[in-house]
Amino acid sequence: MKNDLIRILKTVLKQIGEENGIDFSNKKVSIQENKEKSHGDYASNLAMVIAKDLSQTPREVAEKICSLLPSEEWIEKVNIAGPGFINFYLKKDTHNEILLLIEESGRDFGRNNSGNGERVLIEYVSSNPTGPLHVGHGRGAAFGSVLSELLRCAGYKVDEEYYVNDHGRQMNILTISIWLRYLHQNGQELKFSKKGYQGVYVEQLAKQLAEEKGTKYNLKENESDLLELLEAQETEEDLDRLIGWGKSFLKENFEEIREFSLREIMSSIKEDLKLFGVNHNLWFNESSMYSNKIDLPDIDKSIKLLSESGFLYEKEEALWFKSTEFGDDKDRVVKRANSDNTYFASDISYHLDKYDRGYDRIINVWGADHHGYLPRVSAAMEALGKSRDKLEVVFIQFANLLRNGEKVSMSTRGGEFIPLIELIEEVSSEAARFFYINRKADQHLDFDLDLAKSQTKDNPLYYIQYAHARICGVFETLKKEGMKLNQELGLDNLNLLNLDKEIEIQKMLLQYPEVISRAAKNSEPHLICYYLKDLSGLFHSYYNSERFLVDDEKLMNSRLFLLKGTKQVISNGLEILGIGAPESM
RNA sequence: GCCCCGUUAGCUCAGUCGGAUAGAGCGCCGGAUUCCUAAUCCGGAGGCCAUAGGUUCAAAUCCUGUACGGGGCACCA
């Protein structure tokens with residue numbers, strides 16, 4: 001209907017343009033939905049937009065436009081109001097069409113094909129494999145997961161990828177930390193590096209390692225070197241020396257422990273993600289770019305390509321990329337003076353590979369603290385001749401956890417972060433997802449743990465799910481009384497749905513597909529939460545003011561049909577959020 | 001110093017890419033249940049949309065400056 005109105009107005013606009021010798025083809029014709037009922041269903045601002053070009057007052061122009069409007073059977077009336085708005089009032093039964101559409105589309109209602117089958121890669125979470133997921137990762141995880149689903153709804157072909165930083169110093173630190181704990185486990189008394197990883201999980205993994213491998217990695221004799229190194233654990237350099245020592249002592253066993261650690265931690269991360277309803281279908285290991293395999297991306301090759309582009313130079317024995325040429329604040333090191341590649345080097349190679357895999361859109365979901373990192377990555381892609389626009393980054397602001405109205409520290413006293421799994425266990429995966437999504441991504445988020453657990457209308461998720469359950473309850477009662485929805489009778493009598501509340505609900509249902517496309521287009525999944533809350537609110541209000549199971553069968557079936565459509569839309573919306581729509585509560 | 005995000009009701013936040021009288025929940029005040037789930041609903045009070053300019057027929061929305069809050073500015077990952 002909205003599109004029909006736009007089409008009609010466009011025709012009128014062209015006509016006026018021709019009469020006055022003005023080309024209006026670049027003017028945007030838009031229709032807005034009126035929130036104020038007395039203004040009719042839709043309004044157009046067209047008269048005000050072109051009034052100046054015609055040197056007439058907006059109201060005069062509006063009169064002219066109205067006189068040219070063809071009469072359509074679904075339009076009740078048209079009038080001019082305010083500064084020059086043209087208001088359209090639709091016939092009441094026009095609103096029924098949406099129910100037919102929902103009935104036909106069912107679970108597909110709200111899907112569209114604006115993405116046109118284009119391929120999108122969404123990389124998110126990508127937490128370092130040096131410890132379990134913690135609450136700081138939750139928001140990005142929920143966001144990426146819902147965004148993926150949303151883009152699928154919009155007709156994109158989506159891959160969800162996790163980038164595993166399994167190469168470099170942090171993994172070595174983890175390995176050495178676990179090894180030290182392992183030695184302790186096997187009765188070899190020693191102090192622990194303050195600089196290493198301290199978490200409980202390190203101890204658990206060490207224990208597991210001891211159970212699996214016995215004393216295989218034990219110190220064979222008195223190793224005074226090690227003790228000295230441990231005593232001196234104060235600086236990063238000490239830590240690096242310890243790693244060097246550990247490597248030379250353990251030889252190939254170091255690699256074994258490293259692989260064990262990586263495997264175990266990644267499997268716990270995967271487990272947590274699964275519980276959280278997050279399903280990556282691709283896992284990209286940083287180390288694969290160092291494997292020198294012909295069919296895998298290669299970091300040296302990428303650096304060489306960049307070098308050939310002429311934007312690399314040497315300074316103070318390090319290799320620099322001239323990112324300032326592409327708008328970055330300063331040039332960035334790609335290869336350090338000690339000839340190690342930087343993390344940035346890996347990212348160049350990794351992102352180059354994303355481009356080479358042929359995606360139409362590449363989306364990264366990053367924490368807001370990484371925003372300064374984007375210019376250099378984009379710069380590198382541009383230097384390599386890639387389109388900068390293809391790479392989109394959504395920055396997610398931090399979330400605070402609140403308990404009893406007070407901020408909960410994100411980490412425990414021991415410096416260990418609160419694991420995501422604890423949050424999931426406390427408030428449930430669904431509530432956690434909902435509350436993480438329930439805010440615009442670029443907005444700081446206060447996650448109220450008590451609210452997420454509460455079972456009242458204060459909790460928007462319960463409010464929505466309750467609406468769904470209530471509708472199911474009505475149908476349940478219907479069944480108990482030995483009746484069932486008479487689809488045809490309902491369809492034939494939709495025109496009985498003419499109460500204000502009924503019209504409002506139908507108009508709200510009509511908006512659902514638009515909400516979905518806008519949410520997908522702008523990466524704003526929170527819109528779905530707000531929409532579902534509004535829709536549920538309308539339903540609850542309707543529920544309290546009218547009875548559905550009435551004697552008049554025509555009325556009853558038409559109302560049941562409206563309920564059925566509402567139920568469908570709530571469940572479709574929740575599905576995108578990865579949340580169930582319960583039949584009863 | 002530079003960069004990013006924010007500033008809307010007492011609190012937490014929406015605000016349909018510029019529209020008519022700025023919305024919701026919580027909190028506060030007052031109501032509704034012999035009836036499909038009261039996990040709900042109805043009514044009321046509560047606003048200089050941080051601030052100063054600019055663009056426009058029209059600005060919470062776009063542009064610029066200022067103030068305040070959060071984050072970031074490594075040969076770390």
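Here is how names work: the chains are called A, B, and so on, in the same order as the sequence lines, proteins then strands, and each is numbered from 1. A quick note: this is a predicted structure, and the numbers were derived from the prediction, not measured.
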Measure the distance from CZ on A:Phe326 to P on B:C3 and round it to the nearest whole Å. 21 Å
Starting from P on B:U7, measure out to CG on A:Asp446 and report it in whole angstrom. 14 Å
Would you mind telling me which residue lines up with the more 5' stretch of RNA chain B, A:Pro58 or A:Met48, judged by nearest nucleotide? A:Met48
For B:U12 and A:Tyr530 - does any side-chain N or O of the residue sit under 4.0 Å from the phosphate oxygens OP1/OP2? no
Just wondering, do A:Val394 and A:Ile396 contact through their side chains at under 4.5 Å, heavy atoms? yes
What is the distance from CG of A:Asp328 to P of B:A74, rounded to the nearest Å? 11 Å
Pick base, sugar-phosphate or nothing for A:Gly473, based on heavy-atom distances below 4.0 Å to the nucleic acid. sugar-phosphate
Donor-acceptor contact below 3.5 Å, side chain A:Asn486 vs main chain A:Leu489: yes
Classify A:Ala318 by what it touches in the nucleic acid, base, sugar-phosphate, or nothing, heavy-atom distance under 4.0 Å. base
Tell me whether the ring of A:Tyr343 lies stacked over the B:C76 base, given a 5.5 Å limit on centroids and a 30° limit on the plane angle. no
Nucleotide B:A77, atom P - distance to CD1 of A:Ile299 in whole Å: 11 Å
What's A:Lys315 touching, base or sugar-phosphate or nothing? Going by heavy atoms closer than 4.0 Å. base
What interatomic distance, in whole Å, is found between C1' of B:C63 and the corresponding atom of B:U55? 7 Å
Would A:His444 pass as stacked on B:G70, i.e. its ring centre under 5.5 Å from the base's six-membered ring centre and planes under 30° apart? no
For A:Arg518, which contact category applies under a 4.0 Å heavy-atom criterion: base, sugar-phosphate, or nothing? sugar-phosphate
It should be established whether A:His526 places a side-chain nitrogen or oxygen under 4.0 Å from OP1 or OP2 of nucleotide B:G15. yes
A:Arg470 vs A:Phe398, nearer the 5' end of RNA chain B by closest nucleotide: A:Arg470
Residues in ring-ring contact (aromatic ring centres under 6.0 Å, His included) with A:His137, at least two apart? A:His134
Classify A:Tyr543 by what it touches in the nucleic acid, base, sugar-phosphate, or nothing, heavy-atom distance under 4.0 Å. base
With heavy atoms under 4.0 Å as the rule, sort A:Asp369 into base, sugar-phosphate or nothing. sugar-phosphate
In Å and rounded to the nearest 0.5 Å, what is the CD1 to CZ distance from A:Ile86 to A:Phe88? 5.5 Å
Short side-chain N/O contact from A:Gln443 to OP1 or OP2 of B:A14, under 4.0 Å: yes
Between CG on residue A:Leu461 and CZ on residue A:Arg433, distance to nearest 0.5 Å: 11.5 Å
Does a side-chain N or O from A:Ser541 land closer than 4.0 Å to OP1 or OP2 of B:C42, or not? yes
Between B:A39, B:C75, B:A77, which nucleotide gets closest to the side-chain atoms of A:Tyr373? B:A77
Pairing check on B:A50: which nucleotide meets the Watson-Crick or G-U wobble criteria with it, both distances under 3.5 Å? B:U66
Distance, P atom - from B:G10 to B:A50, rounded to whole angstrom: 13 Å
Taking the minimum atom-to-atom distance to the side chain of A:Ala43, which one of B:C41, B:A20, B:A77 wins? B:A20
Contact class for A:Leu451 (heavy atom, under 4.0 Å): base, sugar-phosphate, or nothing? nothing
Between B:G43 and B:C49, how far apart are the two P atoms, rounded to whole Å? 26 Å
Output the rounded distance in Å from CG (A:Asp450) to P (B:U12). 16 Å
At 4.0 Å (heavy atoms only), tell me whether A:Glu316 reaches a base, stays on the sugar-phosphate, or touches nothing. base
Mind checking if A:Glu481 touches a base, just sugar-phosphate, or nothing, with heavy atoms under 4.0 Å? nothing
Round to the nearest Å and state the distance from A:His468 atom NE2 to B:A39 atom C1'. 16 Å
Measure centre to centre between the rings of A:Tyr89 and A:Tyr42, then say whether the value is under 6.0 Å. no
Could you tell me the Watson-Crick or G-U partner of B:G30, where both distances fall under 3.5 Å? Say none if there is no partner. B:C42
Contact class for A:Ser584 (heavy atom, under 4.0 Å): base, sugar-phosphate, or nothing? base
Given B:C5, B:C57, B:C75, identify the nucleotide with an atom nearest to the side chain of A:Val333. B:C75
Euclidean distance for C1', B:C4 against B:U12 (whole angstrom): 24 Å
Non-neighbouring partners of A:Phe344 that pass ring-ring contact (aromatic ring centres under 6.0 Å, His included), sequence neighbours left out: none
Quote, to the nearest angstrom, the C1' distance that separates B:A60 from B:U21. 15 Å
In this structure, how many angstroms lie between the C1' atom of B:A60 and the NZ atom of A:Lys35, rounded? 11 Å
For the side chain of A:Ala337, counting heavy atoms from C-beta on, which of B:C75, B:C26, B:C36 is nearest? B:C75
Among A:Tyr124, A:Phe284, A:Trp283, the one residue meeting ring pair (Phe, Tyr, Trp, His ring centres under 6.0 Å) with A:Tyr162: A:Trp283
B:U7 and B:C62: how far apart are their P atoms, nearest whole angstrom? 10 Å
Name the nucleic acid region contacted by A:Ala467, choosing base, sugar-phosphate or nothing; use a 4.0 angstrom heavy-atom cut-off, strictly under. nothing
A:His370 atom NE2 is separated from B:G70 atom P, nearest whole Å, by 21 Å
Establish whether the base of B:G71 is bridged to the side chain of A:His371 by a donor-acceptor pair shorter than 3.5 Å. yes
Quick note, A:Lys330 side chain, CB onward, closest among B:C41, B:C73, B:U12 is B:C73
Please state whether the phosphate of B:A77, meaning OP1 or OP2, lies under 4.0 angstrom from any side-chain nitrogen or oxygen of A:Arg336. yes
Taking only side-chain nitrogens and oxygens of A:Lys440, does any of them come within less than 4.0 Å of OP1 or OP2 of B:G15? yes
Please determine which of A:His370, A:His351, A:Glu392, A:Glu161 meets the side chain to side chain donor-acceptor pair (under 3.5 Å) test together with A:Asn364. A:His351
Which part of the nucleic acid does A:Asn87 contact within heavy-atom distance under 4.0 Å: base, sugar-phosphate only, or nothing? base
Once you apply a heavy-atom cut-off of 4.0 Å, does A:Lys335 come out as touching a base, just sugar-phosphate, or nothing? nothing
With heavy atoms under 4.0 Å as the rule, sort A:Asn34 into base, sugar-phosphate or nothing. base
When the P atoms of B:A24 and B:G46 are compared, how many Å lie between them, rounded to an integer? 14 Å
